[in-house]
Amino acid sequence: MQDLQNTNQANSSGAALNLFLPAMSKALITSFSKKLIAWHGLHGRAGLPWQNNLDPYAVWVSEIMLQQTQVATVLERYPRFMKRFPTVKQLAAASMDEVMAEWAGLGYYSRARNLHACAVQVVERFAGKFPNDPVLLEQLKGIGRSTAGAIAAFAFHVRAPILDANVKRVLARIFAIEDPIEEKAVNDRLWNLAGELLPSQAKDMPTYTQALMDFGATWCTSRGPVCLSNNHQCPFSKDCQANLSDQVLILPRKRIKAKSPEFNCDMLLMRSGNWVLLQKRPSKAIWGGLWSLPESSWSARAGARTNDLQSQELFALTLPDSLAPQSLKTTEPLKRGPQIKHVFTHRRLWMQIWELSVAKPIEWGDADLQWVSLRQLGQYGLPQPIKVLLQGLSLIRDGV
DNA sequence: AATGCGGGGGG
DNA sequence: CCCCCAGCATT
């Protein structure tokens with residue numbers, strides 16, 4: 001830890017790598033952080049609600065929320081979350097459902113589960129105070145190497161690198177790394193570079209780390225980097241090997257991804273007046289831990305859907321015990337509702353809604369199966385498309 | 001090394 | 001329609 005904070009010996013493999021870098025790269029490595037910090041003074045983003053905050057809890061929440069999630073999205077949700085859970089102890093003391101409800105709509109719900117688990121770990125292991133050592137931070141739930149580096153840098157001024165999508169793109173361009181960045185050897189080299197480029201003074205770490213993110217997010221962007229327009233002069237235009245060799249738009253290179261497969265499923269919208277039946281989803285699957293409509297198993301889109309109304313049987317698997325199909329049969333038949341298309345990063349899903357009204361709520365005796373009033377939906381974490389669907393019902397009911 | 005995991009922004 | 005994003009955990 002002392003190495004990370006006070007010396008340049010933190011990364012011996014990085015030092016070895018240095019021997020093989022061309023002279024121009026060596027000069028750049030010594031000047032990079034100064035140039036970047038100077039750039040930040042003129043063009044960096046300011047006024048983001050999680051900036052200039054030395055509270056490790058506040059830093060940590062922002063870093064988790066920003067994982068794979070753009071600033072514009074987090075901008076609305078972060079203050080709300082911090083108001084709802086102002087301290088790590090309050091977060092640790094909350095129920096999982098309360099955290100999920102606050103996280104709903106942000107996606108990647110394992111982040112919310114890990115967030116809660118991590119809060120408990122911090123309270124139990126560290127008396128409610130986050131450690132400043134990135135090695136210890138990385139041992140906590142949901143904190144990987146990059147997030148650990150960001151927390152250490154922002155909250156504790158520790159000389160630890162980050163390597164997010166912004167940094168990968170910036171480094172792959174400046175050093176013209178042409179192999180796919182998913183490869184382990186490339187990833188290792190990027191981490192080594194990120195370590196080499198750190199400013200020598202620990203006090204500069206928050207500004208430097210912020211500058212790195214800002215530069216990637218606003219100037220060295222994926223599609224429209226400023227070096228390809230005439231509006232600005234990139235501080236690295238004479239250093240950037242991709243710029244000098246006209247490869248900016250093709251770097252970083254990525255492996256070709258398979259096209260996302262398509263699925264169908266059927267969902268049961270059982271209502272009784274203002275009440276709707278919700279089912280809690282298993283924690284490890286998609287929308288894990290959220291409350292959704294009871295759902296049939298998914299089937300590949302190609303294998304044509306059962307489009308007849310024999311579909312009472314569809315839900316026998318997801319509702320508890322044999323009561324399910326019997327109960328459905330003794331009432332009116334299922335009515336075909338809307339078909340909803342929902343696109344994930346790596347899945348496409350068509351949800352066929354089947355509507356059923358019952359005179360009064362059937363009690364299932366299952367904690368994961370609850371009748372919820374349309375007015376109280378806000379207290380439950382719902383998948384975004386289900387939330388939209390049920391809000392529509394709510395509006396119709398209220399005659400808005 | 002490969003895969004699973006959301007949702008929204010922007011070209 | 002497409003790709004991208006303040007990544008991590010699991011296998």
Side-chain angles (χ1 to χ4, degrees), chain A residues 45 48-51 59-78 100 103-115 117-118 137-154 161-170 180-188 190-191 194 206 209-218 220-225 228 249-250 252-261 263 281-290 292 341-349 381-388:
Chain A
R45 292 180 291 194
L48 301 178
W50 48 87
Q51 284 179 333
V59 172
W60 167 65
V61 170
S62 75
E63 290 304 326
I64 302 298
M65 200 173 278
L66 284 157
Q67 285 171 4
Q68 295 290 283
T69 307
Q70 294 187 331
V71 167
T73 303
V74 174
L75 216 43
E76 302 177 3
R77 303 296 301 268
Y78 177 75
M100 291 307 298
W103 198 267
L106 279 169
Y108 285 139
Y109 298 98
S110 64
R111 290 186 296 174
R113 287 195 301 279
N114 288 331
L115 198 74
C118 181
L137 285 167
E138 200 177 338
Q139 293 171 10
L140 297 169
K141 290 279 189 185
I143 299 181
R145 188 172 174 186
S146 189
T147 300
I151 297 171
F154 283 128
I162 61 167
L163 189 63
D164 60 21
N166 287 316
V167 184
K168 287 176 182 174
R169 184 173 55 255
V170 170
I181 57 173
E182 292 91 345
E183 289 181 10
K184 175 169 167 46
V186 173
N187 199 253
D188 290 347
L190 289 170
W191 271 112
T209 305
Q210 187 64 53
L212 204 47
M213 294 170 166
D214 288 356
F215 181 69
T218 63
C220 195
T221 62
S222 182
R223 303 280 190 100
L228 297 184
L249 279 187
I250 65 169
R253 194 161 286 158
K254 297 184 180 177
R255 286 182 180 148
I256 298 172
K257 279 173 285 191
K259 195 181 170 187
S260 60
F263 294 92
R281 300 182 59 85
S283 64
K284 301 220 167 181
I286 235 168
W287 292 325
L290 294 183
S292 185
K341 180 187 179 185
H342 188 72
V343 179
F344 300 99
T345 300
H346 56 297
R347 294 276 186 281
R348 293 158 197 269
L349 180 63
L382 305 175
Q384 198 60 13
I386 304 302
K387 178 182 170 186
V388 170

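This one's a predicted model, so the numbers in the text were calculated from it and none came from an experiment. By convention in this document, chain letters (A, B, ...) are assigned in the order of the sequence lines, proteins followed by strands, and residues within each chain are numbered from 1.
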Polar side-chain atom of [X] near backbone of [Y] as donor-acceptor pair, under 3.5 Å:
X	Y	answer
A:Ser146	A:Leu163	yes
A:Gln51	A:Leu48	yes
A:Arg145	A:Glu138	no
A:Arg281	A:Leu290	no
A:Arg111	A:Gln67	yes

Next on the checklist: Taking the ring centre of each residue, are A:Phe344 and A:Trp287 less than 6.0 Å apart?
Outcome noted: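 Yes.
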Checklist entry - More 5' along DNA chain C: A:Thr345 or A:Lys259, using each one's nearest nucleotide? => result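 Looking at the nearest nucleotide for each, A:Lys259 comes out on the 5' side.
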For [X], which contact category applies under a 4.0 Å heavy-atom criterion: base, sugar-phosphate, or nothing?
X	answer
A:Lys254	sugar-phosphate
A:Gly224	nothing
A:Arg281	nothing

Check the phosphate of [N] against [X], side-chain N and O only, distance under 4.0 Å to OP1 or OP2. Yes or no?
X	N	result
A:Arg347	B:dG4	yes
A:His346	B:dC5	yes
A:Lys341	C:dC1	yes

Span that lies between the [atom1] atom of [M] and that of [N], in whole angstrom:
N	M	atom1	value
C:dT11	B:dG6	P	16 Å
B:dG7	C:dT10	C1'	22 Å
C:dC8	B:dG9	C1'	23 Å
C:dA6	B:dT3	C1'	22 Å

Item to check | Residue closer to the 5' end of DNA chain B, A:Glu183 versus A:Gly288 (nearest nucleotide) | outcome: A:Glu183
Checklist entry - On DNA chain B, nearest-nucleotide positions of A:Ile286 versus A:Glu182: which is more 5'? => result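 Mapping each residue to its closest nucleotide by heavy atoms, the 5'-most match is A:Glu182.
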Side-chain donor-acceptor pair present, [X], [Y], cut-off under 3.5 Å:
X	Y	answer
A:Gln210	A:Asp214	yes
A:Arg347	A:Ser260	no
A:Thr69	A:Arg77	no

Checklist entry - Can you give the dot-bracket line for DNA chain B, using ( ) for pairs inside the strand, [ ] for pairs that cross earlier ones, | for pairs with another strand and . for unpaired bases, where Watson-Crick and G-U count if both distances are under 3.5 Å? => result |||||.|||||
Checklist entry - Nearest of B:dA1, C:dC4, B:dG6 to any side-chain atom of A:Lys184? => result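 Nearest listed nucleotide: B:dA1.
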Item to check | Closest listed nucleotide, where the reference is the side chain of A:Arg348 and the choices are C:dC2, B:dA2, B:dG7 | outcome: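 Minimum distance to the A:Arg348 side chain belongs to C:dC2.
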Rounding to an integer number of Å, can you tell me how far [X] [atom1] sits from [N] [atom2]?
X	N	atom1	atom2	answer
A:Ile386	B:dG6	CD1	P	13 Å
A:Glu76	B:dG7	CD	C1'	13 Å
A:Leu106	B:dG9	CG	P	12 Å
A:Met65	B:dC5	CE	P	22 Å
A:His342	B:dG6	NE2	P	9 Å
A:Leu75	B:dG9	CG	P	12 Å
A:Phe344	B:dT3	CZ	P	19 Å

Item to check | Residue of the set A:Lys257, A:Arg253, A:Lys254 for which side-chain contact (heavy atoms from CB on, under 4.5 Å) holds with A:Glu182 | outcome: A:Lys254
Checklist entry - How does protein contact run along nucleotides 6-11 of chain C, one letter per nucleotide 5' to 3', with B for base contact, S for sugar-phosphate only, - for none, heavy atoms under 4.0 Å? => result BBSS--
Checklist entry - Between A:Asp164 and A:Lys168, is the closest basic N to carboxylate O distance under 4.0 Å? => result no
